[in-house]
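First the proteins, then the strands, lettered A, B, ... as listed; each starts at 1. Computed over heavy atoms, backbone and side chain alike; hydrogens, waters and symmetry mates excluded.
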Amino acid sequence: MSLKPSIPKGTRDFSTDEMLRREYIFDTIKNVFRLYGYQPIETPAMENLSTLLGKYGEEGDKLLFRILNSGDFLSSVSDDELGNREPAKLSSKICEKGLRYDLTVPFARYVVQHRDEIIFPFKRYQIQPVWRADRPQKGRYREFFQCDVDVIGSDSLLNEYELVKIVDDIFKRLNIATVIKINNRKVLSGIAAFIGEPDKITDITVAIDKLDKIGIEAVNAELIAKGLSQKAISKLQPVLQLTGNTEIKLTRLEQLLAQSETGLKGISELKTLFGYIENSSISCEVELDLTLARGLNYYTGAIIEVKSKDVSFGSICGGGRYDNLTGVFGMDGVSGVGISFGADRIYDVLNQLNLFSEIKVSSTEVLIVNFGEKETQYALKSLDLLRSLGVRVELYPDAVKLKKQMSYADAKKIPYILIAGEDEIMKNNIIFKNMSSGEQSSMLLADLDSFVNNVIKKIL
RNA sequence: GUGGAUGUAGUUCAGUUGGUUAGAACGUCGGAUUGUGGUUCCGAAGGUCGCCGGUUCGAACCCGGUCUUCCACCCCA
């Protein structure tokens, strides 16, 4: 009896073709990160649950994959506790590790743990998978790759500006048209204070985040359901209905939030950031979006989200500033800002827009035909020579029918084959065959390198 | 987590009101062609009908459960 092979829900295998395309995305992103002076780190797939819990809000805690303790994981659980069937309590007793949910929190932990070795401001990038026990959907996986860049140990808004430039640069290289949406948590706090419901900031932001989607009526209804007073809601209306360009919106908002110190701070940050952006060459659209909220708990300043203009599902990139994330690990006064690229969603966007066809996929360039033991000895010379010339070449491992070996080259889209059989050995020759034209050139083995340099290299 | 749909060869899909031996195309393998691929022609292999249980003389088809994938919500990359 054989098991039907399968992989867990929401996870994927990547084929060779997919991997070549994914590597193209990773390489593009990595090159830009390096260009801006960021350096790589990696952290473990699993973290202690104490590191992860409470950083992503209630919803986030539920979505953490927990790792069952090894050995007798029930040793510290009493029969009563088992009988009570309270998953939350029980899991804290039988699990002490979890899979990372994002790269930002492990990074904050890393910074605190290695603060003596780190040179601040610390600019790092990190490209690794993360796991969420979400229900899978289009563009939503349980295992997916994030590509994070963060600067920690600097308050300067130049960092936010640089992130916007990085986003612009990467998507320009990938040929994806995007909109960068920017908001500021301080402004959102200011709004919550202004309408007299400072504690309800999360409910308010979550509700107004949906403004585009469900309309103003439904948003108001949701706010009532969340327990906001009628007065607060009516005070909120002018904020929701702000129109005009960024400058007009910010000026209006400044008047409305005149009483809130935090709100004004947020507005001045936004003004500075947009000032930088206006004076630079940025090709994608950048807009102020007051309805942008972002659920992650730890953001305190700028928040950024990037959407594809042509394909609609969630965002392909998101981030923001967090002032206190290292504080929970015992290191205060260190502010960070960062952004995360969703490689899997970027892949889906490129795929849907058919942008992969233009990418040169690099695979084997020459296949050497295998005719048997004696011929292989002869062919190995060409194999070594071609590789030393930097040509990607492989020798077919078995001496099967020529027809089969050619079909293999065909299926793998290998543009050239090298034939060296009995006849060629006698004349000290080899045959180079162009698979798309069918044209064959016969030459002395000694002339192979000049043929490759003068003819083949110019075509490949 | 809530609600809805889905599952049949490797892949994409047919399959009549429940009725003998579940089909096609593409792909795979073999041959026509023992040293020349893509095209063509001929042939073959490949299925516990997602899984478990129930109803029935009889189930791919009806019922229950379960898992997968997809969609909406929640949330998010």
Side-chain angles (χ1 to χ4, degrees), chain A residues 1-12 15 25 29 56-64 87-88 101-104 127-148 167 202 205-207 209-210 213-214 218 222 292-297 303-308 311 313-319 338-349 367 369-372 375 396 399-425 431-440 442:
Chain A
M1 253 270 286
S2 65
L3 277 173
K4 196 168 215 176
S6 65
I7 54 174
K9 180 197 269 205
T11 64
R12 296 149 300 153
S15 68
I25 295 173
I29 291 174
Y56 309 107
E58 224 177 289
E59 203 63 37
D61 284 356
K62 275 194 242 161
L63 298 178
L64 281 172
Y101 178 90
D102 71 357
L103 299 177
T104 308
I127 299 179
Q128 289 191 276
V130 302
W131 294 269
R132 296 182 189 178
D134 219 339
R135 193 179 277 203
Q137 241 180 80
K138 176 154 274 147
R140 169 178 302 198
Y141 309 101
R142 285 185 150 184
E143 177 184 62
F144 59 97
F145 272 76
Q146 290 196 328
C147 312
D148 273 39
V167 169
T202 314
T205 54
V206 167
D209 189 28
K210 295 181 204 156
K213 233 174 173 178
I214 62 176
E222 186 164 327
L292 176 63
R294 297 190 58 75
L296 294 183
N297 268 5
I303 43 184
I304 302 173
E305 199 166 279
V306 182
K307 293 201 166 193
S308 152
V311 179
F313 48 52
S315 48
I316 51 180
C317 190
I339 191 157
S340 177
F341 291 78
D344 305 80
R345 286 189 177 173
I346 292 171
Y347 182 96
D348 291 343
V349 169
L367 176 77
V369 174
N370 187 327
F371 283 111
E375 292 85 345
Y396 198 88
V400 296
K401 276 195 215 157
L402 184 53
K403 174 190 161 85
K404 185 161 176 163
Q405 301 192 40
M406 293 190 74
S407 306
Y408 173 81
D410 218 37
K412 279 188 76 174
K413 299 192 172 70
I414 299 175
Y416 291 95
I417 64 171
L418 190 152
I419 299 170
E422 219 175 338
D423 300 352
E424 286 73 39
I425 294 177
I431 292 173
F432 230 89
K433 180 179 172 115
N434 180 326
M435 289 296 275
S436 51
S437 67
E439 187 188 327
Q440 296 193 171
S442 176

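- Using atom P as the reference point in both B:rA22 and B:rU56, the two lie 25 Å apart (nearest Å).
- Residues A:A133 and A:R142 approach most closely at O-NH2, 3.9 Å, considering heavy atoms.
- Checking the phosphate oxygens (OP1, OP2) of B:rC71, a side-chain nitrogen or oxygen of A:K138 falls inside 4.0 Å.
- If you check B:rG35, B:rC29, B:rG37 against the side chain of A:K404, the one that comes closest is B:rC29.
- The base of B:rC75 is paired with the side chain of A:R140 by a donor and an acceptor separated by under 3.5 Å.
- Separation of the P atoms belonging to B:rC13 and B:rU6 is 14 Å when rounded to the nearest angstrom.
- Checking B:rC74, B:rU2, B:rG30 against every side-chain atom of A:R135, the shortest atom distance belongs to B:rU2.
- Residues A:R132 and A:D423 both approach RNA chain B. Their nearest nucleotides, taken by heavy-atom distance, put A:D423 toward the 5′ side.
- Across every non-hydrogen atom of A:I414 and A:L367, the tightest pair is CG2-N, 3.7 Å.
- When each of B:rC75, B:rA77, B:rG37 is scored by its nearest atom to the side-chain atoms of A:M435, the top-ranked nucleotide is B:rG37.
- Smallest separation of non-hydrogen atoms from A:E143 and A:P129: CG-CB, 4.3 Å.
- Between B:rC62 and B:rU55, the two C1' atoms lie 8 Å apart (nearest whole Å).
- In this structure, A:F144 forms an aromatic stack with the base of B:rA77, since both conditions hold: centre separation below 5.5 Å and plane angle below 30°.
- Ranking B:rC71, B:rC76, B:rU36 by closeness to the A:R345 side chain, first place goes to B:rC76.
- Using C1' as the reference atom, B:rU2 and B:rC49 are 31 Å apart when rounded to the nearest Å.
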I would like to know whether A:V130 and A:Y101 meet side-chain contact (heavy atoms from CB on, under 4.5 Å); could you show each step before the answer?
CA-CA 5 Å; A:V130 302; A:Y101 178 90; over 6 Å; no

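- A:D410 contributes no side-chain N or O that forms a donor-acceptor pair with the base of B:rG38 under 3.5 Å.
- B:rU21 and B:rA5 have their P atoms separated by 33 Å, given to the nearest Å.
- At a cut-off of 3.5 angstrom, counting only N and O atoms as typed in the model, there is no donor on one side facing an acceptor on the other between the side-chain of A:Q405 and the base of B:rU36.
- A:F341 pairs with exactly one of A:V306, A:I127, A:I25, A:V167 by the side-chain contact (heavy atoms from CB on, under 4.5 Å) rule, that one being A:V167.
- Each of B:rG37, B:rG35, B:rC74 was ranked by its minimum atom distance to the side chain of A:S407; first place goes to B:rG37.
- If you check B:rC70, B:rU68, B:rG35 against the side chain of A:K9, the one that comes closest is B:rU68.
- Between A:M406 and A:I417 the shortest heavy-atom distance is CE-CD1, 3.7 Å.
- Of the candidate nucleotides B:rG37, B:rA77, B:rG30, B:rA77 has the atom lying nearest to any side-chain atom of A:Y141.
- Spacing of C1' atoms, B:rU12 relative to B:rG7, comes out at 14 Å, to the nearest Å.
- If you check B:rG3 for Watson-Crick or wobble pairing at under 3.5 angstrom, you find it paired to B:rC71.
- The residue from A:D344, A:T11, A:D134, A:D348 that alone fulfils the side chain to side chain donor-acceptor pair (under 3.5 Å) condition with A:Y141 is A:D348.
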Under 3.5 Å, which protein N or O atoms sit close to an N or O of nucleotides 40-46 of chain B? Give each pair with its distance.
none

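- Atom C1' of B:rA44 sits at a distance of 14 Å from the matching atom of B:rA9, rounded to the whole Å.
- In this structure, B:rU48 forms no base pair with any nucleotide, since neither Watson-Crick nor G-U wobble geometry is met with both distances under 3.5 Å.
- Cation-pi geometry between A:R132 and A:F144 is not met: the NZ or CZ atom fails to fall both under 6.0 Å from the ring centre and inside 45° of the normal.
- B:rG53 sits 15 Å from B:rA60 when the P atoms are compared, rounded to a whole Å.
- Side chain A:E424 to base B:rG35: a donor-acceptor pair is found below 3.5 Å.
- If you check B:rA24 for Watson-Crick or wobble pairing at under 3.5 angstrom, you find it paired to B:rU12.
- Counting to the nearest Å, the C1' atom of B:rA77 and the CZ atom of A:R142 are 16 Å from each other.
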